[in-house]
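The block underneath contains the structure these notes are about, expressed in C-alpha cells.
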Amino acid sequence: FAPPTSIISTPTATTTTSSCLHASSEAQYDCLVIGGGISGSTLAHNLNNANLNILLAEQRDYLGGNVQSVVHTDEDGSEFIFEKGPNSYATQPSIVRISHELGIDDQLVFANESLPPWVNHNGKLHPLPKGQGGKGPKGQIELVFGPNGVLKFGLAGDLLSWPGKIRAGIGALLGHMPPPDNKEETIKEWVTRILGEEVFFRIIDPFVSGVYAGDPTTLSMKAALPKISRIEDYSYGIEWNKFGAIFYGGLARQVELTKERKADPPKPEWVDFEYGNPGSYKRGLGTLPNAIYEKLGSDVVKLEWTLTKVEKEGDTYVVTFDTPNGQQTVTSKAIVSTIPTHAMGSSLEPVLPGSTDLFTKERQIINRKGVYYPPVAAVTLAYPKKAFKDIELSNDFGNLQNLPGFGLLNPRTEGVRTLGTLWSSSLFPGRCPEDYNILLNYIGGSRDPEIGSMPEGDVIAAVDKDLRKVLLQANAPEPKVLGIKVWPTAIPQYELGHLELMKELESMESNVEGGGIWICGNYRSGVAFPDCVTFGYEHAKVVKEYLDKK
Ligand SMILES: Cc1cc2nc3c(=O)[nH]c(=O)nc-3n(C[C@H](O)[C@H](O)[C@H](O)COP(=O)(O)OP(=O)(O)OC[C@H]3O[C@@H](n4cnc5c(N)ncnc54)[C@H](O)[C@@H]3O)c2cc1C
Ligand SMILES: C=Cc1c2[nH]c(c1C)Cc1[nH]c(c(CCC(=O)O)c1C)Cc1[nH]c(c(C)c1CCC(=O)O)Cc1[nH]c(c(C)c1C=C)C2
C-alpha cells in the first residue's frame, strides 16, 4: 500500500530574506501570536481586524496546524478531496462569521443534517440520532449527547437491550445516586452511575473515541465533557427534581440554549446555517487557514518560526525564535501562545516560573506527565461503491453501498482496532467520482498508542482488514490509498486532574506583573475545531481590552 503523491492545498513558506525588517527588536508589536493552528490563526485574523499591529509566528511551513486538506488528481483527471486531520466541524456562528469576513462564505458546505452516525454492535450497524438539528432515525433514538450538551431520548431500536433501556430510563427520568463528595469522576464513572453500564459500553465509549480517541476511564467528566456534566447540576437545580433525573436538566439546558442564541442572533448578511450541522468548505477545511494567510500576508505571518524563549523587559515581552534566517527576536506589548503543551519545553520559564514543571510533572492519579496527547493515524482509503456490503439498512436508510450517514464508530468491545470511519464523500458529495466512496479512518488513541510507532503500510493494512469485517464485501478490491497521516501528538486528553492543572496555569498568568500574557490552545478552551474558532473571536476581545487600558 503506497499513498499517491498529493497536492496539499495549503500555501508553503515563502523565503522571507527581508523579514528582519518587521520582526526585529526595534519594531514593537501590540500582540504576538505564537502557533498558527486554527486557534492562533483565527485569533490573529480577529486582532488584525481590530487594527492592531500583530505578528503570527508558526513553526511549520503552513497555517492550520493539524488541519490539512488535500486535492488529489488521478492520471485520468478524476479528483479526490480529503482531509489529513479533522473531517468537519459542528457549525457554530463563529465559523460563519469568519468565513464572511474572509470572503469565503461561498465556499461553505453543510452536510445533509439527517445523516446519522452509526455504531457497530454485534456485527450490525445501529443509527444514533443527530445531537441536534437533524430529524434522526425514525423512532430509533436511544440516547445521544449533542455538541452543546443537549440530551435526547427514545425507546425504539435494538442497540440497547430492554434491561439496558430500563436502567437508562430510570437514571434519566426518575433519578440516580448523587455524585461522590470530593472525588473527580471519570467519564465511565459518571455515565455508569447515571445511566448504567450498557449505555456506557454501547454509546458513550464509542462517542468518546469519536471525539478524543480517548480512554473514558482516565478522562475527567467535568473537564472533557463539561456541557454534558453540567446537565446534572441543572437537574439538581430544579426544586422538585430531588434525585437529579437528568432528562429535566437536559430540557432546562435546551431552553437556556435557545435563549442564548436568540440574544446573539446570526447577522443577516451571513450565510444561512443550522447550529451543529456538520460543515466544511468545498475544497476542505484548509480553506480557512489558507484564506487567513492570504489576508494577513507574509509580513504578518512568519512561517517556519519556532519559539525558543519568552522574556520580559519592563513592560515589554522579548520573544526569541529559531527561523530559516537564524535567531530572531521580537518585542511586543502582549503575547498569546497557542502551541501545544508538549511543545513548550522551558520557553516560558523566564516569565512563568514553574511552567516547565507544570507541563512535565507526573500526575500520580493517572500516572502521566503533563497533558497527554496520544498518537492517532488518519487513513483515507477509497473503494468502489460496489465493493461495499449489499445490505438494506434498518429504518429506511437505504443500501449500505451508498453509505447513508456521518460515519461509523466501533465500540472497543467489538474487536475492531479502527476507532471509527467517517463517510466523507457521503457527508460532502462531489469529493470523488460517483462510483467511489471515500472513507476517513482514525486508528490509535489513548488505548492503542502502539499505532504511533508502526510502519505506515501496517497501519493501512490494519484499517483495510477492519473495513472488510464491517463495511466491505469479502472480495472487495485493494483500496485506493489516498493518504495516511500519523499525528504523533494528536488530541490533548482532559484527564483526571486537568482542571487543577489549568487552574495552576491561570494563577501563573495572573502572577505576571502587568499581565498581557495568555497561554492558550485546544487543551484549555476545547478540542473541537469550532471551539478553536470561537476562542479566536472571543480572546481577541480580551487582548484588545487589555491593550486599550494600557
Ligand atoms: C486526527 C484529528 C482529527 C480531528 N477531527 C476533528 C473533527 O472532525 N472535528 C473537530 O471539530 N475537531 C477535530 N479535531 C480537533 C481539532 O482539529 C483541533 O483541536 C484543532 O485543530 C486544534 O487547533 P489549535 O490551533 O488549538 O492547535 P494545533 O493545530 O495543534 O496548532 C498549534 C500550532 O502551534 C505550532 N507550534 C508548535 N510548536 C511551536 C513552536 N515552538 N513555535 C511556533 N509554533 C509552534 C504547531 O506547528 C501548530 O501549527 C481533530 C484533531 C485531530 C488531530
Ligand atoms: C473515531 C475517531 C475520531 C473521529 N473524530 C475524531 C476522532 C478522534 C475527532 C473529532 N471529531 C469531532 C470532534 C469535535 C467534537 C465536538 O465537540 O464537536 C473531534 C475532536 C466531531 C464529531 N465527531 C463525531 C460527531 C457526531 C462530531 C460532531 C459533529 C461534527 O463535527 O461534524 C462522531 C464521530 N467521530 C468519528 C466518527 C467516525 C464519528 C461518528 C460516526 C471519527
Side-chain angles (χ1 to χ4, degrees), residues 33-43 56-68 83-92 110-111 115-120 127-128 130-132 144-149 206-214 224-225 227 276-280 285 289 302-308 321-322 337-340 342-345 347 373-378 405-410 418-424 427 439-445 485-487 489-492 520-533 535-536:
V33 180
I34 309 161
I38 296 302
S39 301
S41 56
T42 57
L43 173 65
L56 169 61
E58 162 56 42
Q59 179 175 48
R60 294 180 170 127
D61 64 0
Y62 64 91
L63 287 189
N66 53 39
V67 171
Q68 269 190 296
E83 302 286 354
K84 288 184 160 188
N87 168 71
S88 54
Y89 49 74
T91 307
Q92 291 299 324
F110 302 113
L115 293 174
W118 295 75
V119 174
N120 171 20
L128 286 177
K130 300 304 301 283
Q132 52 176 187
V144 80
F145 298 114
N148 288 302
F207 174 81
V208 169
S209 289
V211 173
Y212 283 97
L225 300 176
K227 290 172 191 158
N277 202 17
S280 180
L285 293 173
K302 298 297 171 194
L303 298 173
E304 297 183 273
W305 277 40
T306 302
L307 171 75
T308 56
F321 293 91
D322 279 340
S337 165
T338 66
I339 71 178
H342 61 77
M344 276 168 192
S347 56
Y373 291 69
V376 173
F406 179 90
L408 170 77
L409 288 164
N410 296 306
T418 304
L419 295 169
T421 301
L422 289 150
W423 300 350
S424 311
L427 269 181
L439 305 176
L440 168 52
N441 305 277
Y442 295 119
I443 186 167
K485 172 75 188 171
V486 181
W487 298 97
T489 46
I491 299 176
C520 309
N522 63 348
Y523 59 90
R524 198 167 177 187
S525 44
V527 295
F529 180 106
D531 292 342
C532 300
V533 181
F535 158 81

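Bear in mind that the values here come from a model prediction, so they are computed numbers and not experimental data. Numbers for residues simply follow the sequence, beginning at 1. Counting convention: from 1, in listed order, for ligands and their atoms alike.
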| note | Closest to atom 24 (P) of ligand 1 among protein heavy atoms sits Ser39 OG, 3.4 Å
| What do you reckon, does Tyr89 have a nitrogen or oxygen under 3.5 Å from a nitrogen or oxygen of ligand 1? | no
| request: Show the numbers, then the answer: is there a side-chain contact (heavy atoms from CB on, under 4.5 Å) between Phe207 and Leu225? | output: CA-CA 11 Å; Phe207 174 81; Leu225 300 176; 4.1 Å; yes
| task | State the atoms of ligand 1, each with its element, that fall below the 4.0 Å cut-off from a heavy-atom position in Gly65. | result | 29 (O), 48 (C), 49 (O)
| task | Rounded to the nearest 0.5 Å, what's the gap from CD on Gln68 to CD on Glu83? Could you check? | result | 9.5 Å
| field | ligand 1 atoms in contact with Trp305 (distance to a heavy atom under 4.0 Å) | value | 42 (N), 43 (C)
| task | List the atom of Ser424, the atom of Leu440, and the distance in Å for their closest heavy-atom pair. | result | OG-CB, 3.5 Å
| task | Look at atom 16 (C) of ligand 1 and find which of Val527, Leu422, Leu56, Val33 reaches it with the closest heavy atom. | result | Val527
| field | Ala378 touching ligand 1 at heavy-atom level, < 4.0 angstrom | value | no
| message | Just to be sure I'm reading this right: ignoring hydrogens, which of Phe406, Trp423, Tyr442 gets closest to atom 34 (C) of ligand 2? Compare them by their nearest heavy atoms. | response | Phe406
| Nearest heavy atoms of Ala57 and Trp305, plus distance in Å | CB-CB, 4.1 Å
| task | Report, in ascending order of atom number, the atoms of ligand 2 lying under 4.0 Å from any heavy atom of Pro278. | result | 32 (O)
| query | Do side-chain atoms of Ser39 reach the backbone of Gly521 as a donor and acceptor pair under 3.5 angstrom? | reply | no
| message | Within the 4.0 Å heavy-atom shell around Ala213, which atoms of ligand 2 are there? | response | 8 (C)
| Are any side-chain N or O atoms of Asn410 and backbone N or O atoms of Pro206, one a donor and one an acceptor, separated by less than 3.5 Å? | no
| task | May I ask you to check whether Thr306 has an N/O atom sitting below 3.5 Å from an N/O atom of ligand 1? | result | no
| query | Looking only at heavy atoms, which two atoms of Gly35 and Ile339 are closest? And how far apart? | reply | CA-CG2, 3.8 Å
| request: Using heavy-atom distances, let me know which of Ile491, Ile339, Asn66 sits nearest atom 21 (O) of ligand 1. | output: Asn66
| query | If you measure every N/O of Gly210 against every N/O of ligand 2, is any gap under 3.5 Å? | reply | yes
| Are any of the N or O atoms of Val67 closer than 3.5 Å to those of ligand 1? | no
| field | Minimum-distance protein heavy atom relative to atom 8 (O) of ligand 1 | value | Asn87 N, 3.0 Å
| query | From Glu58 CD over to Phe321 CZ, what is the distance, rounded to the nearest 0.5 angstrom? | reply | 10.5 Å
| query | Mind checking whether Ser525 has a heavy atom under 4.0 Å from ligand 1? | reply | no
| said: Out of Gly526, Ala490, Ser209, who is nearest to atom 2 (C) of ligand 2 when you count heavy atoms only? | reply: Ser209
| remark: among protein heavy atoms, the one nearest atom 40 (C) of ligand 1 is Leu307 N, 3.6 Å
| query | Relative to atom 37 (C) of ligand 1, which among Met344, Gln59, Arg60 owns the nearest non-hydrogen atom? | reply | Gln59
| field | Spatial distance of atom CG (Leu56) from atom CG (Leu303) [nearest 0.5 Å] | value | 8.0 Å
| request: For atom 32 (C) of ligand 1, find the nearest protein heavy atom and state the residue, atom name and distance (0.1 Å precision). | output: Thr338 O, 3.7 Å
| Does Trp487 use its side chain to pair, donor to acceptor, with the backbone of Lys84 at less than 3.5 Å? | yes
| message | Applying a heavy-atom cut-off of 4.0 Å, say which part of Pro340 lies close to ligand 1: side chain, backbone, both or neither. | response | side chain
| Leu419 heavy atoms, cut-off 4.0 Å: which ligand 2 atoms fall inside? | 1 (C)
| What protein heavy atom sits nearest atom 14 (N) of ligand 1, and how far away is it? | Pro86 CB, 3.9 Å
| task | List the closest protein heavy-atom neighbour of atom 34 (O) of ligand 1: residue, atom name, distance to the nearest 0.1 Å. | result | Gly35 CA, 3.5 Å
| query | Tyr442: what forms a ring-ring contact (aromatic ring centres under 6.0 Å, His included) with it, not counting sequence neighbours? | reply | none
| Where do Val67 and Pro86 come nearest, in terms of heavy atoms and distance? | CG2-CG, 3.6 Å
| said: Could you measure the distance from the CZ atom of Phe406 to the CG atom of Leu427? Nearest 0.5 Å is fine. | reply: 6.0 Å
| query | Which residue holds the protein heavy atom closest to atom 9 (N) of ligand 1, what is that atom called, and what is the gap in Å? | reply | Ser88 O, 2.7 Å
| field | Polar contact flag for Tyr212 and ligand 2 (N/O pairs, less than 3.5 Å) | value | no
| field | Subset of ligand 1 atoms that lie under 4.0 Å from at least one heavy atom of Cys532 | value | 20 (C), 22 (C), 23 (O), 26 (O)
| query | With atoms numbered from 1 as shown, which atoms in ligand 2 lie under 4.0 angstrom from a non-hydrogen atom of Ala528? | reply | 14 (C), 15 (C), 16 (C), 17 (O), 18 (O)
| task | Return a yes/no value for Ala528: is any of its N or O atoms, backbone included, closer than 3.5 angstrom to an N or O of ligand 1? | result | no
| request: Mark the output for Val376 as yes if a heavy-atom distance to ligand 2 is under 4.0 Å, and as no if none is. | output: no
| remark: The answer for which part of Thr421 has a heavy atom under 4.0 Å from ligand 2 is backbone
| field | ligand 1 versus Trp487: contacting region, heavy-atom distance under 4.0 Å | value | side chain
| Under 3.5 Å between some N or O of ligand 1 and some N or O of Lys84? | no
| How far apart are the closest heavy atoms of Met344 and Ser337, and which atoms are they? | CE-OG, 4.2 Å
| said: Taking only non-hydrogen atoms of Phe535, do any sit less than 4.0 angstrom from ligand 1? | reply: no
| Heteroatom distance test (Ile38, ligand 1): nitrogen or oxygen, under 3.5 angstrom | yes
| field | Short N or O distance, Gly407 and ligand 2, threshold 3.5 Å exclusive | value | no
| request: Measure Asn87 to ligand 2 on non-hydrogen atoms and call it side chain, backbone, both or neither using the 4.0 Å cut-off. | output: neither
| said: Check for me whether Phe321 has a heavy atom closer than 4.0 Å to any atom of ligand 1. | reply: no
| query | What is the closest protein heavy atom to atom 48 (C) of ligand 1, and at what distance does it sit? | reply | Glu58 OE1, 3.4 Å
| field | Set of residues satisfying ring-ring contact (aromatic ring centres under 6.0 Å, His included) with respect to Phe535, sequence neighbours excluded | value | His539
| Between Pro530 and ligand 1, is there a nitrogen or oxygen pair with a distance under 3.5 Å? | no
| query | With no hydrogens and no angle check, is any side-chain donor or acceptor of Tyr373 less than 3.5 Å from a backbone partner on His342? | reply | no
| query | Which distance, rounded to the nearest 0.5 Å, do you find between the CG of Asn522 and the CG of Asn66? | reply | 7.0 Å
| request: Mark up the atoms of ligand 1 that fall under 4.0 Å of a heavy atom belonging to Tyr442, in ascending order. | output: 1 (C), 3 (C), 5 (N)
| said: Let me confirm one number: the OG1-OH distance from Thr338 to Tyr523, rounded to the nearest 0.5 Å. | reply: 8.5 Å
